[in-house]
Amino acid sequence: GAGVSQSPSNKVTEKGKDVELRCDPISGHTALYWYRQSLGQGLEFLIYFQGNSAPDKSGLPSDRFSAERTGGSVSTLTIQRTQQEDSAVYLCASSLAVLGGSTDTQYFGPGTRLTVL
Amino acid sequence: AQKVTQAQTEISVVEKEDVTLDCVYETRDTTYYLFWYKQPPSGELVFLIRRNSFDEQNEISGRYSWNFQKSTSSFNFTITASQVVDSAVYFCAVSSGSARQLTFGSGTQLTVLP
């Protein structure tokens with residue numbers, strides 16, 4: 001597709017349930033990022049994937065959060081045993097990473113609005 | 001550690017007025033990148049500009065212009081002759097050479113009244 005896509009656009013779940021959020025990056029983009037946007041915390045980095053390298057998980061708030069990226073493309077963010085404080089918009093971004101370490105521009109998807117009741 | 005401060009939480013202007021959104025950043029890296037994103041009511045973050053730390057030349061794109069000043073660690077954004085469609089939340093962000101993720105400011109809600 002032309003841009004980053006995310007699904008579902010909205011997810012309502014009950015406290016304690018597990019949820020999976022999906023991100024499909026721009027074709028050819030090797031770097032993929034997850035961020036979270038909430039009223040209290042603003043925009044926060046969660047995790048970053050670059051090619052076949054080990055992901056940078058430094059932003060994950062707890063061990064209930066995990067993410068994987070299969071085949072260097074689609075990524076899934078999983079939240080186990082959801083809590084009310086997990087309610088937020090989860091944003092995915094991708095970039096055409098340039099070898100040599102220069103940061104490249106991140107393009108964002110429309111987000112998934114997660115509501116934990 | 002990196003930090004971005006957008007001191008203006010909300011700004012309201014009347015259409016055709018000029019408006020400047022302030023951004024002050026902090027980073028220990030000598031190589032870093034600065035960004036502005038726009039988030040309209042639809043919610044999607046739209047990339048506006050990227051600037052690297054070794055290029056202080058100001059940039060103009062249509063009604064948008066950016067003023068990068070290393071001496072004051074600022075990267076301000078000006079909209080000339082604002083329009084109602086400019087109403088959105090604007091985020092400033094920084095990324096250093098050692099950390100690819102973006103560190104965002106808290107955003108400025110701009111409302112342009114007709």
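Throughout, a chain's letter reflects where its sequence line sits, starting with A, and its residues are numbered from 1.
- Residue Asp104(A) comes nearest to Arg100(B) through the heavy atom pair N-NH2, 4.0 Å, listed as atom of the first residue, atom of the second, then distance.
- In the hydrophobic cluster analysis, where Ile, Leu, Val, Met, Phe, Trp and Tyr join through side-chain heavy atoms closer than 4.5 angstrom, Val89(B) is grouped together with Leu45(B).
- By the rule that hydrophobic residues join a cluster once side-chain heavy atoms approach within less than 4.5 Å of another member, Phe75(B) and Val19(B) end up as members of one cluster.
- The side-chain heavy atoms of Phe45(A) and Thr103(B), taken from C-beta on, include no pair separated by under 4.5 Å.
- The number of heavy-atom neighbours closer than 6.0 Å to CG of Leu117(A), taken from other residues, nucleotides and ligands shown, is above 12.
- Considering only heavy-atom pairs separated by less than 4.5 Å from chain B, the leading option among Ser58(A), Gly59(A), Gly109(A) is Gly109(A).
- Highest contact tally toward chain B, considering only Ser95(A), Pro110(A), Gly42(A), Gly111(A), is held by Pro110(A) [criterion: heavy-atom pairs under 4.5 Å].
- No hydrogens or angles considered: a donor-acceptor pair under 3.5 Å links the side chains of Gln37(A) and Gln39(B).
- One finds the CG atom of Leu43(A) at 5.0 Å from the CZ atom of Phe91(B) (value rounded to the nearest 0.5 Å).
- Interatomic distance, Gln101(B) CD to Glu44(A) CD, rounded to the nearest 0.5 Å: 12.0 Å.
- In this structure, Val116(A) is a member of the same hydrophobic cluster as Leu46(A), with clusters built from ILVMFWY side-chain heavy atoms closer than 4.5 Å.
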Between Phe47(B) and Phe108(A), is a ring pair (Phe, Tyr, Trp, His ring centres under 6.0 Å) present by the stated rule, with each step listed?
CA-CA 8 Å; Phe47(B) 165 74; Phe108(A) 284 80; 9.9 Å; no
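- By the rule that hydrophobic residues join a cluster once side-chain heavy atoms approach within less than 4.5 Å of another member, Ile11(B) and Leu48(B) end up as members of one cluster.
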Derivation of the side chain to side chain contact (heavy atoms under 4.5 Å, CB included) call for Tyr37(B) and Gln106(A):
CA-CA 10 Å; Tyr37(B) 285 84; Gln106(A) 295 176 34; 3.7 Å; yes
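- Tyr48(A) and Phe65(A) fall into different hydrophobic clusters, where Ile, Leu, Val, Met, Phe, Trp and Tyr are joined by side-chain heavy atoms under 4.5 Å apart, directly or via other members.
- Residue contact with chain B, scored on non-hydrogen atoms closer than 4.5 Å, is absent for Ile47(A).
- More than 12 heavy atoms of other residues, nucleotides or ligands shown are found within 6.0 angstrom of CG on Asp55(B).
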Please determine whether side chain to side chain contact (heavy atoms under 4.5 Å, CB included) holds for the pair Tyr35(A) and Leu102(B), giving the CA-CA distance in whole Å, both sets of side-chain angles, and the decisive distance to 0.1 Å.
CA-CA 9 Å; Tyr35(A) 293 85; Leu102(B) 296 170; 3.5 Å; yes
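- To the nearest 0.5 angstrom, Ser95(B) atom OG is 6.5 Å from Tyr33(A) atom OH.
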